[in-house]
Amino acid sequence: MECVWLKRDLRVLDHAPLTEAADHGPVLVLYVYEPDVLAVPETDRSHVAFVNQSLREVREALRERGGELVLRTGRMPDVLEALHRAHAFDRLWSHEETGLDVTFARDRAVARWCRDRGVAWEQRTQFGVFRGRSRRDAWSRAWTARMRRPVLPAPERITFAKEAAPGEIQTPEVLGMPDSGRTDVQCGGARAATAVLDDFFAGRGADYAKGMSSPLSAGRVCSRLSPHLAYGTISLRSVLETTVRQADRFDALARAGRLDGRDAEHDPRWPGALESFAKRLRWHCHFIQKLESEPEIEFRNMSRAFDGLRTEDPHAWTGFERDRFDAWQEGRTGFPMVDACMRSLRATGWINFRMRALLMSFASYHLWLHWRPTGQVLARRFLDFEPGIHYAQCQMQAGTTGINANRIYSPEKQVRDQDPEGRFLRRWLPELEGVPNEYLAAPERMPVGVQDAAGCRIGRDYPAPIVDARRAVAEARRRLASVQQSDEARREAGRVYRRHGSRKRPAWQRGHQ
């Protein structure tokens with residue numbers, strides 16, 4: 001008998017462990033609600049709700065093929081031990097996972113259990129992420145080769161060990177998870193993933209390159225596939241294959257002079273949009289590879305030269321630091337774009353990349369907070385939380401990688417550039433409804449008479465800025481420069497680049513290596 005362990009791969013299409021196991025004999029397909037994973041600060045009940053929606057579809061797809069989904073709750077070695085005693089499977093199949101320390105520890109425990117019981121653990125890759133690589137040389141070529149492999153069809157038939165009790169889907173309430181205040185989140189499942197992908201290529205993605213930066217347009221023009229990729233309801237290879245196919249089609253139309261804009265099928269913006277989108281599919285694996293190669297970056301600075309620069313432990317924070325942290329996570333900093341983004345994220349579980357960078361940059365530079373506790377807040381709120389991408393990006397935006405330029409986003413400039421008429425701001429900050437457009441970026445500059453006319457008194461209806469932006473940024477730059485100019489920082493930059501730095505990459509299109 002074969003046991004297939006589902007983790008962040010909740011699908012039956014392009015699922016190598018499931019396909020291979022089904023070729024060997026009766027299959028027990030397993031998903032486990034793990035208390036240790038559910039208990040980490042990064043996990044939110046919205047994640048579990050998305051997983052549950054996806055599991056219902058997996059169970060349906062397996063039943064259509066003669067199989068079944070077995071659900072259990074507990075520590076993985078204990079669950080495996082109970083199942084093995086009852087069903088004596090010979091092999092455990094799964095995808096490799098690049099996750100948090102808690103899942104790394106879990107996988108080590110599973111490996112020990114397999115060795116002790118004589119069970120072969122067959123792990124397969126599902127991304128362009130490589131185990132055992134300590135340097136980035138030739139990574140792009142290897143990524144391209146792996147991601148061009150054909151998409152695997154779903155198994156036509158699966159023989160199920162019918163004596164195994166299927167078990168029930170566990171709701172967040174049953175699992176004891178607190179309410180997170182989500183009001184408008186994406187649905188899980190392979191059908192939803194396919195619908196989102198099809199809709200993106202049907203027209204709304206044409207403005208991707210231009211519209212992805214503004215929170216006004218990004219929700220419409222971005223693919224919105226990120227939670228589906230994070231939980232594996234669709235494979236990255238499937239998305240890339242579809243993207244390349246679309247790019248080839250639009251290239252042919254362009255050569256024929258038929259990208260004339262007469263309709264969505266002939267929109268001249270598509271080639272640029274697809275090029276930008278494909279780059280981000282590659283970046284997905286580029287960032288996950290960092291955590292795979294150096295799991296410690298979940299906890300410590302990528303460049304050790306920055307150790308001690310900020311206070312990591314919230315228990316050691318001053319009252320001022322705690323107040324800044326609370327204001328930031330609650331969306332009441334007095335900087336409208338920061339507050340609107342945080343409130344939007346809290347309600348929906350999604351915000352576009354530029355605004356994610358703004359939230360982390362503001363917390364790291366303006367408020368001088370350590371990326372670890374702020375990163376945990378964002379992880380809980382991102383429906384699409386992907387550990388490898390997340391903590392690499394947290395460090396990149398906090399300026400602790402040692403190899404990336406420090407990008408300190410101006411909240412005022414983001415209002416002027418991305419939402420000059422305040423449509424996004426007023427949706428999430430109704431207290432600014434009457435504020436004239438010219439004061440939206442910095443409402444504290446309104447004269448008292450204008451505040452009264454707008455029905456928005458600063459300090460009463462909307463907070464005054466919790467820091468002086470200019471002084472805070474100047475101090476952050478001074479502190480960073482004091483480290484960056486050191487010999488240790490230069491040595492660390494070389495080490496970090498050799499392990500994690502991007503190399504010259506080949507063109508992503510087919511036939512252009």
Exercise for review: Could you tell me whether the side chain of Arg237 and the main chain of Val151 form a donor-acceptor pair under 3.5 Å?
Suggested key: no
Exercise for review: Could you give me the CA-CA distance, side-chain angles and deciding distance for Arg124 and Glu96, then say whether salt bridge (charged side-chain N to carboxylate O under 4.0 Å, His left out) is met?
Suggested key: CA-CA 6 Å; Arg124 299 294 182 261; Glu96 294 177 350; over 6 Å; no
Point to revise | Which residues share a side chain to side chain contact (heavy atoms under 4.5 Å, CB included) with Ala273, sequence neighbours left out | key: Tyr208, Trp270
Check your understanding: Which pair of non-hydrogen atoms, one from Asn406 and one from Gly399, has the smallest distance, and what is that distance?
Key -> OD1-CA, 3.3 Å
Review point. After noting the C-alpha distance and the side-chain angles of Gln329 and Phe325, does the key distance pass the side chain to side chain contact (heavy atoms under 4.5 Å, CB included) rule?
Key: CA-CA 6 Å; Gln329 69 171 336; Phe325 176 76; 3.5 Å; yes
Practice item. Check ring-ring contact (aromatic ring centres under 6.0 Å, His included) between Phe160 and all other residues, then give those that pass, not counting sequence neighbours. Key: none
**Study point:** Phe382 backbone acceptor or donor facing His47 side chain under 3.5 Å
**Key:** yes
Review point. Going from CD on Glu97 to OG1 on Thr103, what distance comes out if it is rounded to the nearest 0.5 angstrom?
Key: 4.5 Å
Check your understanding: What pair of heavy atoms forms the shortest contact from Gly211 to Ser217, and how long is it?
Key -> O-OG, 2.6 Å
Exercise for review: Check the pair Gln170, Met177 against side chain to side chain contact (heavy atoms under 4.5 Å, CB included), reporting the backbone distance first and the verdict last.
Suggested key: CA-CA 11 Å; Gln170 302 296 302; Met177 306 189 73; over 6 Å; no
Review point. Under the side chain to side chain contact (heavy atoms under 4.5 Å, CB included) criterion, do Asp199 and Val196 qualify, and how do the steps go?
Key: CA-CA 5 Å; Asp199 188 51; Val196 167; 5.8 Å; no
Exercise for review: Find out whether Phe385 and Leu100 are in side-chain contact, i.e. whether some heavy atom of one side chain is under 4.5 Å from a heavy atom of the other.
Suggested key: yes
Point to revise | Leu229 side chain reached by Glu386 side chain, heavy atoms, under 4.5 Å | key: no
Check your understanding: With a 4.5 Å heavy-atom cut-off, do Phe277 and Phe201 have their side chains touching?
Key -> yes
Review point. Quick one: salt bridge (charged side-chain N to carboxylate O under 4.0 Å, His left out) pairs with a partner in residues 77-95, sequence neighbours left out?
Key: Glu2-Arg91, Arg75-Asp78, Glu81-Arg85, Glu81-Arg117
Atom pairs and distances, donor-acceptor, side-chain atoms in residues 295-302, under 3.5 Å, two or more places apart:
| residue | atom | partner | partner atom | Å |
| --- | --- | --- | --- | --- |
| Glu298 | OE1 | Asp101 | N | 2.6 |
| Asn301 | OD1 | Trp371 | NE1 | 2.8 |
| Asn301 | ND2 | Phe306 | O | 3.1 |
| Asn301 | ND2 | Asp307 | OD1 | 3.1 |

Check your understanding: Does anything in residues 169-181 pair up under salt bridge (charged side-chain N to carboxylate O under 4.0 Å, His left out), and if so which pairs, sequence neighbours excluded?
Key -> Arg45-Glu173
Point to revise | Donor-acceptor pair, side chain of Arg204 and main chain of Cys222, under 3.5 angstrom | key: yes
**Study point:** Contacts of type side chain to side chain contact (heavy atoms under 4.5 Å, CB included), residue Gln393, not counting sequence neighbours
**Key:** Phe287, Phe353, Ile389, Met396, Gln397
Practice item. Start with the C-alpha distance between Ser140 and Arg282, add both sets of side-chain angles, then the distance that settles side-chain hydrogen bond (donor to acceptor under 3.5 Å, both in side chains), and finish with yes or no. Key: CA-CA 9 Å; Ser140 291; Arg282 179 188 174 278; 2.5 Å; yes
Review point. So how far is it from Glu20 CD to Leu152 CG, rounded to the nearest 0.5 Å?
Key: 8.0 Å
Point to revise | Gap separating the CZ atom of Phe362 from the CH2 atom of Trp328, nearest 0.5 angstrom | key: 10.5 Å
Practice item. Kindly write out the residues that satisfy side chain to side chain contact (heavy atoms under 4.5 Å, CB included) with Arg182, not counting sequence neighbours, or none if the list is empty. Key: Asp44, Ser46, Ser180, Val185, Arg381
Study note, to complete from the structure: Ala49 and Pro172 have their tightest heavy-atom pair at N-CG, 4.3 Å
Review point. What salt bridge (charged side-chain N to carboxylate O under 4.0 Å, His left out) pairs are there with at least one residue in residues 184-198, not counting sequence neighbours?
Key: Glu57-Arg191, Glu60-Arg191
**Study point:** Close side-chain approach of Leu359 and Thr374, heavy atoms under 4.5 Å
**Key:** no
Check your understanding: Are Arg11 and Gln126 side-chain neighbours, meaning at least one heavy-atom pair lies under 4.5 Å?
Key -> yes
Exercise for review: Please report the shortest heavy-atom distance between Arg495 and Ser303, naming the atom on each side.
Suggested key: NH2-CA, 4.3 Å
**Study point:** Parallel, tilted or perpendicular, as decided by the 30° and 60° cut-offs, for the rings of His24 and Trp93
**Key:** tilted
Point to revise | Salt bridge flag under 4.0 Å for residues Glu42 and Arg372 | key: yes
**Study point:** Thr43 side chain vs Val37 backbone, donor-acceptor pair below 3.5 Å
**Key:** yes
Point to revise | salt bridge (charged side-chain N to carboxylate O under 4.0 Å, His left out) partners of residues 209-235, not counting sequence neighbours, each pair once | key: none
Check your understanding: Taking all non-hydrogen atoms of both residues, which atom of Ala22 and which atom of Ile158 are closest, and how far apart?
Key -> CB-CG1, 4.3 Å
Practice item. May I have the step-by-step check of ring pair (Phe, Tyr, Trp, His ring centres under 6.0 Å) for Phe50 and His228, ending in yes or no? Key: CA-CA 9 Å; Phe50 190 94; His228 295 286; 5.2 Å; yes
Review point. Does Ser361 use its side chain to pair, donor to acceptor, with the backbone of Tyr409 at less than 3.5 Å?
Key: yes
Practice item. In sequence, state the C-alpha distance, the side-chain angles, and the governing distance for Val377 and Arg380, and then conclude on side chain to side chain contact (heavy atoms under 4.5 Å, CB included). Key: CA-CA 5 Å; Val377 170; Arg380 284 194 299 276; 3.5 Å; yes
Check your understanding: If you look only at pairs with a residue in residues 348-360, which of them pass as a side chain to side chain donor-acceptor pair (under 3.5 Å), with sequence neighbours excluded?
Key -> Ser213-Arg354, Arg356-Asp384
Check your understanding: Looking at Trp5, is Lys7 sitting on its ring face, NZ or CZ under 6.0 Å from the six-membered ring centre and within 45 degrees of the normal?
Key -> yes
Exercise for review: Please tell me if the side chains of Thr125 and Val129 come closer than 4.5 Å, counting only heavy atoms from C-beta onward.
Suggested key: no
Check your understanding: Given side chains that start at C-beta, do those of Arg133 and Glu292 come closer than 4.5 Å, heavy atoms only?
Key -> no
Point to revise | Arg310: side chain to side chain contact (heavy atoms under 4.5 Å, CB included) partners, not counting sequence neighbours | key: Ser364, Tyr365, Trp368, His370, Ala398, Thr400
Check your understanding: Excluding sequence neighbours, so at least two apart, what forms ring-ring contact (aromatic ring centres under 6.0 Å, His included) with His266?
Key -> none
Point to revise | Phe127/His286 aromatic ring centres below 6.0 Å | key: no
Revision key, fill the gap. Of all heavy-atom pairs linking Arg499 and Ser293, the shortest is NH1-O, 3.7 Å
Exercise for review: Could you check if a side-chain atom of Leu10 sits within less than 4.5 angstrom of a side-chain atom of His15, using non-hydrogen atoms only?
Suggested key: no
Review point. Hey, what's the ring geometry for His84 with Phe89, parallel, tilted or perpendicular (30° and 60° as the breaks)?
Key: perpendicular
Exercise for review: Give a yes or no answer on whether the side chain of Arg249 reaches the backbone of Arg245 with a donor-acceptor pair at less than 3.5 Å.
Suggested key: no
